[in-house]
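Below is one structure, written out as structure tokens; the observations come after it.
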Amino acid sequence: MFREYLAYQVLNLVTDASFNVRLLEIEYVDQDRGGKAMTHPGFFIEHKSRLAKRLEAELVEHDRLRPEQLEPVAASLAELYQFFISNTDFSFIAGPVNDLCCHNAVLLAGQDGQVIPVPYDFDAAGLIDAPYAIPQTALGQRNVRDRVFRGFCRPEPYLSDAVSKFQSVRGDVFALIDDLAGLDDRTRQRVVRFVEDFYAILDDEKKFAAEIGGACRRLGS
């Protein structure tokens with residue numbers, strides 16, 4: 001739970017087009033066991049209507065989108081973020097079968113009819129590493145911590161600007177990890193190594209070209 005909360009906090013660092021979250025302690029009362037109470041941590045997530053109001057934007061619905069309809073700055077950031085947390089359980093252009101777009105994302109109206117995707121629900125991601133998360137073997141994942149870039153190919157400087165944004169908040173990301181009291185030491189070290197691996201890819205031209213720049217999906221695919 002704390003790692004998914006952290007995932008939202010990191011997204012808040014790189015873009016305002018993200019859901020705010022707030023930690024809390026929840027008391028559960030079991031009426032079938034004499035009113036026995038148990039307290040567990042949790043977090044609130046901003047309602048999508050409040051998100052839209054805060055950003056002075058409009059929620060929109062689509063049956064399906066073409067990649068070209070996505071606002072390129074917001075989409076490039078969101079796609080690189082999904083790579084950062086090693087999440088493949090999303091789609092910014094299609095929803096589940098017989099449902100509206102999109103999968104684990106809400107859509108906001110951007111400029112010139114383009115659409116801003118706002119991702120949520122990260123429990124299948126490698127950063128969270130939930131015991132029930134299933135790797136996408138068809139994409140080459142052996143486990144959910146294996147990063148696979150699912151972003152679309154766009155002309156520069158969209159991807160490089162997204163990389164620069166993540167580089168600019170590097171220290172803040174590690175500060176969030178250090179400050180999150182709910183993580184035990186072993187988990188914290190594991191999260192730090194996972195994030196270090198991401199930044200090692202950004203710092204290495206060959207790794208970046210192989211795993212991100214050269215791994216993007218062609219527009220229209």
Side-chain angles (χ1 to χ4, degrees), residues 1-28 37-46 51 76-90 104-105 118-137 139-151 162-208 210-212 215:
M1 189 284 300
F2 286 109
R3 280 174 282 180
E4 187 165 9
Y5 172 75
L6 174 67
Y8 283 97
Q9 285 192 304
V10 172
L11 188 55
N12 293 158
L13 288 177
V14 297
T15 177
D16 291 333
S18 57
F19 286 98
N20 288 329
V21 287
R22 180 160 62 90
L23 281 176
L24 72 155
E25 292 287 334
I26 307 171
E27 183 178 85
Y28 300 90
M38 298 170 287
T39 301
H40 296 283
F43 62 85
F44 284 127
I45 180 170
E46 186 176 25
L51 166 76
S76 296
L77 269 173
E79 290 162 355
L80 185 58
Y81 169 79
Q82 298 283 24
F83 181 80
F84 166 81
I85 63 171
S86 186
N87 188 32
T88 59
D89 187 30
F90 75 97
N104 289 339
V118 183
Y120 67 91
D121 194 359
F122 309 126
D123 64 327
L127 177 68
I128 286 77
D129 202 16
Y132 53 81
I134 300 173
Q136 296 293 322
T137 55
L139 298 178
Q141 282 188 317
R142 294 166 299 176
N143 62 70
V144 294
R145 291 171 65 86
D146 290 335
R147 290 183 169 93
V148 178
F149 187 62
R150 299 291 292 154
V163 170
S164 295
K165 184 63 179 180
F166 272 89
Q167 293 284 29
S168 72
V169 300
R170 184 192 296 227
D172 297 318
V173 171
F174 286 105
L176 285 176
I177 299 169
D178 289 340
D179 293 342
L180 188 54
L183 299 179
D184 59 62
D185 289 341
R186 182 178 180 182
T187 300
R188 194 185 314 277
Q189 291 171 6
R190 185 172 171 84
V191 170
V192 166
R193 289 194 299 270
F194 184 74
V195 173
E196 287 175 340
D197 288 344
F198 167 77
Y199 279 107
I201 295 170
L202 297 193
D203 294 340
D204 187 302
E205 289 186 9
K206 289 184 178 180
K207 286 184 178 180
F208 178 83
E211 299 188 37
I212 300 177

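Computed from a predicted model, the values in this text were never measured in an experiment.
Under the 3.5 Å distance criterion, the side-chain polar atoms of Gln141 are left unmatched by any main-chain donor or acceptor of Pro135. In this structure a side-chain-to-backbone donor-acceptor pair under 3.5 Å is present from Ser18 to Thr15. Side-chain N or O atoms of Ser86 include one that pairs as donor or acceptor with a backbone N or O of Asp146 at under 3.5 Å. When atom types are taken as modelled, the side chain of Asn20 and the backbone of Ile45 share no donor-acceptor pair closer than 3.5 angstrom. Judged purely by atom type and a 3.5 angstrom limit, Arg150 has no side-chain atom pairing as donor or acceptor with the backbone of Thr88.
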CA sep, side-chain torsions, deciding dist, call: Gln9, Leu6, side-chain contact (heavy atoms from CB on, under 4.5 Å): CA-CA 5 Å; Gln9 285 192 304; Leu6 174 67; 4.2 Å; yes

Working for side-chain contact (heavy atoms from CB on, under 4.5 Å), residues Gln82 and Phe149: CA-CA 8 Å; Gln82 298 283 24; Phe149 187 62; over 6 Å; no

Evaluation steps, side-chain contact (heavy atoms from CB on, under 4.5 Å), between Leu13 and Arg170: CA-CA 10 Å; Leu13 288 177; Arg170 184 192 296 227; over 6 Å; no

Val195/Phe84 under side-chain contact (heavy atoms from CB on, under 4.5 Å): CA gap, chis, key distance, verdict: CA-CA 7 Å; Val195 173; Phe84 166 81; 3.9 Å; yes

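Looking at heavy atoms from C-beta onward, Arg142 lies out of side-chain contact with Thr137 at the 4.5 angstrom threshold. Between Tyr199 and Phe174, the closest side-chain pair of non-hydrogen atoms falls below 4.5 Å. Leu202 places a side-chain heavy atom less than 4.5 Å from the side chain of Phe208.
The minimum heavy-atom distance linking Asp123 with Ile128 is given by the pair O-CG2, 3.9 Å. Minimum heavy-atom separation, Lys165 to Val14: CE-O, 3.3 Å. Nearest heavy-atom pair, Phe83 versus Val148, reported as atom, atom and distance to 0.1 Å: CD1-C, 3.7 Å. The minimum heavy-atom distance between Arg188 and Leu180, with the atom names listed, is NH1-O, 2.9 Å. The minimum heavy-atom distance between Phe2 and Leu183, with the atom names listed, is CB-CD2, 3.9 Å. In this structure, Ile85 and Ala125 approach most closely via the heavy-atom pair O-CB, 3.3 Å.
We find the CD1-NE2 distance between Ile26 and His40 to be 9.0 Å, quoted to the nearest 0.5 Å. The structure places CD1 of Ile201 at 15.5 Å from NZ of Lys206, a figure rounded to the nearest 0.5 Å.
Cation-pi geometry between Arg22 and Tyr8 is not met: the NZ or CZ atom fails to fall both under 6.0 Å from the ring centre and inside 45° of the normal.
Enclosure of atom CG in Leu139 by more than 12 non-hydrogen atoms of other residues, nucleotides or ligands within 6.0 angstrom is indicated. Under a cut-off of 6.0 angstrom, the local environment of CD in Glu25 is crowded, with over 12 non-hydrogen atoms contributed by other residues, nucleotides or ligands.
Looking at residues two or more places apart in sequence or on another chain, you find no salt bridge (Lys or Arg N to Asp or Glu O under 4.0 Å) involving Asp204. For Asp89, the side chain to side chain donor-acceptor pair (under 3.5 Å) test picks out His103, Asn104, with sequence neighbours left out. Scored by the ring-ring contact (aromatic ring centres under 6.0 Å, His included) test, Tyr81 finds Phe122 as partners (sequence neighbours excluded). In this view, Asp129 and Arg3, Val144, Arg145, Arg190 satisfy the side-chain contact (heavy atoms from CB on, under 4.5 Å) rule, not counting sequence neighbours. Under the salt bridge (Lys or Arg N to Asp or Glu O under 4.0 Å) criterion, Glu4 pairs with no residue at all, not counting sequence neighbours. Residues meeting the side chain to side chain donor-acceptor pair (under 3.5 Å) test with Asp16, sequence neighbours left out: none.
Under the 30°/60° scheme for interplanar angles, the aromatic rings of Tyr5 and Phe43 are found to be tilted.
In this structure, Phe166 has its ring center closer than 6.0 angstrom to the ring center of Phe198.
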